[in-house]
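See structure below.
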Number of protein chains: 2
Amino acid sequence: MLNEFDLFKDFLRQQNLRWTPQRKMILEVFLSFEGHVEIESLKNKIRLHQPDLGIATLYRTLKLLTDCGLVEAHSFQNGKKTYERMFHVRHHDHLICTCCGETIEFEHPLIEKYQLQICEQYGFTLKNHKMELFGICRNCLK
Amino acid sequence: MLNEFDLFKDFLRQQNLRWTPQRKMILEVFLSFEGHVEIESLKNKIRLHQPDLGIATLYRTLKLLTDCGLVEAHSFQNGKKTYERMFHVRHHDHLICTCCGETIEFEHPLIEKYQLQICEQYGFTLKNHKMELFGICRNCLK
DNA sequence: TCTATATTGATAACCGTTATCAATTTAAAA
DNA sequence: TTTTAAATTGATAACGGTTATCAATATAGA
């Protein structure tokens, strides 16, 4: 069964790059998180085991993981990036109630299909998407 | 007919802030752009008329425009923010290149239709939505 | 084991954005 | 109109996340 470690190793071999203890540790710790992870969190957790890991190595490895498609980087207003696992996770969209904050996850295959259509039209290679529907849930309407 | 200038003026008055020539000029030039605008572009265009506008004033004014809802700020991988007009614009979704930050606006009526369908299914009253497709644009693939 | 080359950690540099501050402008009151 | 308290401005230093540099070290194939 294909897993992240094998994928990363293959990617490295393909590019004549090397499998190192640091890279292994970083991937391991990254996978122990869920959702969007900040460099800061990764650094702290990794340094429990490997106190002298350089911050540059961490950034470099996240870049590699992003390049090989296992991870996706996002940028936010605060200037920090977050990193999100992209393998072995199901994608879903969100319904968000702007009144109480309740969120519901859903999927719609036809919407996904039309998204691909649009990307083709503009020459985009679709990597990911985010759809959020904002509204009022039935409880808040009462 | 309500326009951006009046809205901004009202917002300023409400907060005991002042309507200044710089703020007027910045809003004016901002509205002359379409889509996602970078600080750099704004600065260059404004300085044609007002060569000594301070960069801090530009950032501060964009912050105010964002606070009052006329503008929305976005962050991209290259570390730069872009600013997008949020008033008197037809709703559209975004194709976003995670590599260079290029964005393309699009609409797809069928996607909108299925969004409504999903909302009905969950008893949601749809108010607004945000769909962002992240990918690599054709230039970055080269 | 040897050797070419990738990797690492430390740290300086980068760069977009923000904070600071003295001089100036605004707008409401006198 | 003049006065005045407070907001604003421009210049620039500071900030902070990320990247580049470089000498020392580790890796993996010969």
Side-chain angles (χ1 to χ4, degrees), chain A residues 5 8-30 36-44 46-47 49-68 71-83, chain B residues 5 8-30 36-44 46-47 49-68 71-83 98-101:
Chain A
F5 291 92
F8 193 29
K9 275 195 251 186
D10 285 353
F11 172 80
L12 292 174
R13 198 159 22 226
Q14 263 176 29
Q15 317 261 326
N16 282 315
L17 304 177
R18 289 166 189 175
W19 178 242
T20 67
Q22 287 90 341
R23 287 176 181 170
K24 179 165 182 276
M25 168 69 79
I26 289 169
L27 177 52
E28 219 160 82
V29 170
F30 174 77
H36 290 243
V37 191
E38 292 191 1
I39 285 287
E40 195 64 13
S41 315
L42 283 169
K43 193 191 69 187
N44 293 338
I46 290 169
R47 287 201 172 158
H49 309 99
Q50 206 167 309
D52 53 348
L53 181 94
I55 193 68
T57 300
L58 186 46
Y59 277 106
R60 282 185 291 232
T61 303
L62 265 311
K63 171 102 177 46
L64 288 172
L65 288 167
T66 303
D67 288 344
C68 80
V71 168
E72 198 170 271
H74 303 276
S75 287
F76 291 109
Q77 302 296 76
N78 61 6
K80 293 182 187 171
K81 287 184 183 173
T82 62
Y83 298 89
Chain B
F5 292 93
F8 193 30
K9 275 194 253 186
D10 286 353
F11 171 81
L12 293 174
R13 196 158 24 225
Q14 262 177 25
Q15 317 263 324
N16 282 314
L17 304 178
R18 290 167 186 172
W19 178 242
T20 67
Q22 287 91 339
R23 288 175 179 169
K24 178 164 184 276
M25 168 67 79
I26 289 169
L27 177 53
E28 219 161 80
V29 169
F30 174 78
H36 290 245
V37 191
E38 293 191 4
I39 286 288
E40 195 63 15
S41 314
L42 283 168
K43 194 191 68 185
N44 294 337
I46 290 169
R47 288 203 170 155
H49 310 99
Q50 204 166 310
D52 53 350
L53 181 95
I55 192 69
T57 300
L58 188 46
Y59 277 105
R60 283 185 291 234
T61 304
L62 265 310
K63 172 106 177 43
L64 288 173
L65 289 168
T66 302
D67 288 345
C68 80
V71 168
E72 199 171 87
H74 303 273
S75 287
F76 291 109
Q77 301 296 76
N78 61 7
K80 293 182 188 173
K81 286 184 185 171
T82 63
Y83 298 89
T98 55
C99 180
C100 67

Minimum-distance nucleotide (side-chain atoms of A:Thr57 versus C:dG9, D:dT27, D:dG10): C:dG9

message: Can you work out whether A:Asp52 or B:Lys63 has the more 5'-proximal nearest nucleotide on DNA chain C?
response: A:Asp52

- request: Measure from NZ on B:Lys9 to C1' on C:dT26 and round the result to the nearest Å.
  value: 14 Å

- line: Per atom distances to the B:Ala56 side chain, the nearest of D:dG10, D:dT9, C:dT8 is D:dG10

- line: Between the CD1 atom in A:Ile26 and the OG1 atom in A:Thr61, the distance rounded to the nearest 0.5 Å is 3.5 Å

query: Rounded to the nearest 0.5 Å, how far apart are CZ of B:Phe30 and CG of B:Leu42?
result: 7.0 Å

- request: Could you state the atom-to-atom distance from CZ of B:Arg13 to P of C:dA28 in whole Å?
  value: 8 Å

field: Spacing of B:Arg47 atom CZ relative to D:dA11 atom C1', expressed in whole Å
entry: 11 Å

message: Does D:dA26 have its OP1 or OP2 closer than 4.0 Å to a side-chain nitrogen or oxygen of A:Gln22?
response: no

field: Distance in Å, A:Leu58 CG paired with A:Glu40 CD, rounded so as to fall on 0.5 Å steps
entry: 10.0 Å

- prompt: Would you say the base of C:dT5 and the side-chain of A:Arg18 have a donor-acceptor pair closer than 3.5 Å?
  reply: yes

message: Counting only side-chain heavy atoms from C-beta out, which of C:dT26, D:dG17, D:dT12 sits nearest to B:Pro21?
response: C:dT26

message: Using whole Å, what does the distance between atom C1' of nucleotide D:dA26 and atom CZ of A:Arg60 come to?
response: 14 Å

- request: Quick one: pull up CZ in B:Phe11 and CG in B:Leu17 and give me the separation to the nearest 0.5 Å.
  value: 6.5 Å

- prompt: Roughly, in whole Å, what's the span from CD in A:Gln15 to C1' in C:dT7?
  reply: 15 Å

d(CD, A:Gln50; P, C:dA10) in whole Å: 12 Å

- line: Of the candidates C:dG16, C:dT7, D:dT18, the side chain of B:Tyr59 sits closest to C:dG16

message: What is the separation between atom NZ on B:Lys43 and atom C1' on D:dG10, rounded to the nearest whole Å?
response: 14 Å

Which residue lies more 5' along DNA chain C, comparing B:Lys80 with A:Leu64 via nearest heavy atoms: A:Leu64

message: Quick check: on DNA chain D, is the nucleotide nearest B:Leu53 upstream (toward 5') of the one nearest B:Asn16, or the reverse? Name the residue that is more 5'.
response: B:Asn16

- prompt: Between A:Leu17 (CG) and D:dG29 (P), how many Å, whole number?
  reply: 13 Å

message: To the nearest 0.5 Å, what is the distance between NZ on B:Lys81 and NZ on B:Lys63?
response: 8.5 Å

- request: Give a yes/no answer on whether the side chain of A:Thr20 brings an N or O atom under 4.0 Å of OP1 or OP2 in C:dA6.
  value: no

